[in-house]
Amino acid sequence: MRIQTTFQAVSAAVAAAALMPVWASPPDITVVEYFHKSTGHYFMTGNVADQQLLAAAPANSVFAATGRSFAAWSASNSGRPADAVAVARFFSRALASHVFTSKSSDIASLRALPATASGGGFVDEGTAFFALAPVNNRCELGQKAIFRAFNNRPDGNHRYSNELALHATMVNTGFSDDAVAFCSTGISTDASIEKSAGTPRPSGEDLTLSGTVSAFISIASFTVGTQRVDASNARFEHGAPLALANGLAVTVEGVLVNGVLRATEVKLPVSTALAGDEIKGFVTAVGSAGTVFVNGSAVDVSAAMVTGGTLAQLIVGAAVEVHGAFLNGVFMASLVHLEDVAPESVSNTAMGEAEIKGVISNFVSIASFSVANQKVDASRAVIDDGNALNLVNGATVEVHGTVVAGVIVASRVEIKSTTDVPPIQTPPPSADASFEATGAVSGFVSVASFKVSGVTIDASAAEFRDGSAADLKNGVTVEVKGTLSGGIVHATRVQFKH
């Protein structure tokens, strides 16, 4: 296991901070996604004039906002990060569709097919915005991956999803997986707008496996039980990716994409050193009890060494590099380096976004409770995978919203479980992996053969709750618990969700 001690991590962080390139300014535009219902096409733009025209258009006649967006830099922003890449925009009149790409090979190919009088080819519309480029299909910790999927139709169109669970849904409905297109420092989702737009909602995001790592090749390719896992863009809890090795006990949460579990979170044993990871980006909000949000992730700076400035200078827009590791959904910082102090005013609408995952405590009402010691008001939130009655002490939730006066005003709350999953301390006795998923039944053949979240389920020996085996049919939402072996989950419990 190759994890530095806390002392070594801090020493290395100080050295790295001294060499860190200057981040002069935070993102200055919000790229908004739109959907054209009659054609099924998606479009996005960070141009304010485009956004105003689309907002003013008659309802249902053109592209409508999906409620999803991400932060980026404008072409005129000379203070953008040195490693930001230009995302080019092309238009095909024949396809009535745009293509966005930062890959030089894609740009060269599209420019080699210039527009013709008959409508063929592509019009080069220049640089749409600047974003950050993934390395080996992985965005740096704290950055948000923007995934690309192709609709596989003659009227070719791509969707650029700001959430892995949504990308998985698109692939499961017939789109091709084009992996990570680029990275952002902040994303935003308004679930109420998304529902009114009629676009697919994320599904299958509660698939969880516990077991030992085997057949380890890289962070993008290893096995838990018999399930292949890609943790390229996962958040690691209680440690860093360097801890991954054959024989390590882990819990992996994510979604299936083409049969591979694409992880959103990997929980390491409590014996793993709480160090080794880093977040580089901008303070997007200031919370309570020594918490700030960097690129939307909650960071506890109360015990951190501060270089390049003081804790008082951790204000919205400040460029920072933070070293430590996640614990219970909060990044526990051992060192914070301020690279630049924020300008006096920050106009970017995506800057106040915050996201935190953890266990509910101090519950008073839906408008007043805590998650990982961060105060939350969910009185106006859309609640996914449950309802307001599930918001109780001990429930595990993921909260998305905006920090206002030290409180996260939630726009969306995802119910993850009613009790927290205890950390793994020793490997399980067999190579099989424990399985848990919530989703709609599909491909139903019999109680011994149906699918949930794309995984085949055999519930012939399962205990049924809030229903019976006779109630199983396509479209019914269930929570399945069991053991994954040979690609099949042998369910021990099936609970119907009404």
Side-chain angles (χ1 to χ4, degrees), residues 1-3 83 85 101-103 105-106 131-150 160-172 175-184 187 202 204-205 207-269 272 276-280 295 297 325-326 424 431 433 435 437 453-455 484 487:
M1 190 179 299
R2 297 177 297 146
I3 290 292
D83 55 350
V85 293
T101 181
S102 63
K103 294 182 179 179
S105 57
D106 287 351
L132 300 169
V135 177
N136 295 326
N137 207 40
R138 176 177 173 80
C139 296
E140 288 188 13
L141 181 65
Q143 295 177 10
K144 315 295 182 182
I146 307 299
F147 302 90
R148 190 171 86 166
F150 179 65
Y160 299 81
S161 300
N162 66 2
E163 184 181 354
L164 177 58
L166 177 62
H167 177 65
T169 297
M170 302 309 297
V171 173
N172 291 338
F175 280 60
S176 292
D177 175 19
D178 284 354
V180 179
F182 33 80
C183 309
S184 171
I187 61 173
E205 56 192 319
L207 196 157
T208 303
L209 293 176
S210 296
T212 54
V213 173
S214 62
F216 179 81
I217 298 174
S218 68
I219 188 176
S221 182
F222 59 94
T223 298
V224 175
T226 57
Q227 176 61 55
R228 205 69 191 164
V229 178
D230 177 355
S232 295
N233 289 286
R235 182 177 74 189
F236 280 72
E237 180 86 3
H238 213 296
L242 284 175
L244 282 175
N246 289 331
L248 185 71
V250 296
T251 294
V252 181
E253 180 178 321
V255 293
L256 283 175
V257 179
N258 294 332
V260 176
L261 180 58
R262 298 273 283 274
T264 54
E265 182 177 88
V266 177
K267 291 186 178 180
L268 302 173
T272 310
D277 253 346
E278 65 180 59
I279 300 177
K280 184 173 72 174
N295 298 349
S297 296
F326 276 101
I424 299 172
F435 174 95
S453 299
V455 182
L484 177 66

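All residue numbers in this chain count up from 1 along the given sequence.
Pairing each heavy atom of Thr212 with each of Gly247, the nearest pair is CG2-O, 4.1 Å. For the pair Ser297 and Ile279, the tightest heavy-atom approach, listed with the atom from each and the gap, is CB-CD1, 4.3 Å. The minimum heavy-atom distance between Cys139 and Ala145, with the atom names listed, is SG-CA, 3.6 Å.
Looking at heavy atoms from C-beta onward, Leu164 lies out of side-chain contact with Asn233 at the 4.5 angstrom threshold. In this structure the side chain of Glu140 never reaches within 4.5 angstrom of the side chain of Asn295, judged on heavy atoms. A heavy-atom distance below 4.5 Å is found between the side chains of Arg228 and Ser221. Using a 4.5 Å heavy-atom threshold, the side chains of Val229 and Val213 count as separate. Taking the side chain as every heavy atom from C-beta outward, Phe236 and Leu141 never approach each other to under 4.5 Å.
Partners of Asp277 by side chain to side chain donor-acceptor pair (under 3.5 Å), not counting sequence neighbours: none found. In this structure, the salt bridge (Lys or Arg N to Asp or Glu O under 4.0 Å) partners of Arg235, at least two apart in sequence or on a different chain, are Glu265. Residues forming a ring pair (Phe, Tyr, Trp, His ring centres under 6.0 Å) with Phe326 (at least two apart in sequence, or on another chain): Phe331. Remark: Asp178 engages Arg148, Phe150, His158, Ser176 in a side-chain contact (heavy atoms from CB on, under 4.5 Å) (not counting sequence neighbours). Listed by chain and number, the residues in a side-chain contact (heavy atoms from CB on, under 4.5 Å) with Ala131 are Val87, Phe129, Phe182 (sequence neighbours excluded). When the side-chain contact (heavy atoms from CB on, under 4.5 Å) test is applied to Val85, the partners found at least two apart in sequence or on another chain are Ser102, Ala133. The side-chain contact (heavy atoms from CB on, under 4.5 Å) check on Ala220 picks up Ser218, Asp230, Ser232, with sequence neighbours excluded. Residues that satisfy the ring pair (Phe, Tyr, Trp, His ring centres under 6.0 Å) test with Phe147, not counting sequence neighbours, are His167. Partners of Asp106 under the side chain to side chain donor-acceptor pair (under 3.5 Å) rule, at least two apart in sequence or in another chain, are Thr101.
With values rounded to the nearest 0.5 angstrom, Gln143 atom CD is found 7.5 Å from Lys280 atom NZ. Note that CG of Asn136 is 10.5 Å distant from CD1 of Ile219, once rounded to the nearest 0.5 Å. The distance from atom CD of Glu237 to atom OG1 of Thr272, rounded to the nearest 0.5 Å, is 11.0 Å. If you take CG on Leu132 and OG on Ser184, they are separated by 7.5 Å, rounding to the nearest 0.5 Å. Here the straight-line distance linking atom CG of Asn162 with atom NZ of Lys144 works out to 10.0 Å at 0.5 Å rounding. Considering CD of Glu253 and CG of Leu261, their distance stands at 9.5 Å, rounded to 0.5 Å.
Of the possible polar contacts, one joining the Asn137 side chain to the Val180 backbone as a donor-acceptor pair under 3.5 Å is found. At least one donor-acceptor pair under 3.5 Å links the side chain of Asn246 to the backbone N or O of Ala215. With Gln227 contributing its side chain and Gly259 its backbone, the two residues share a donor-acceptor pair below 3.5 Å.
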Would you check, one step at a time, whether the test side chain to side chain contact (heavy atoms under 4.5 Å, CB included) holds for Val171 with Arg262? CA-CA 12 Å; Val171 173; Arg262 298 273 283 274; over 6 Å; no
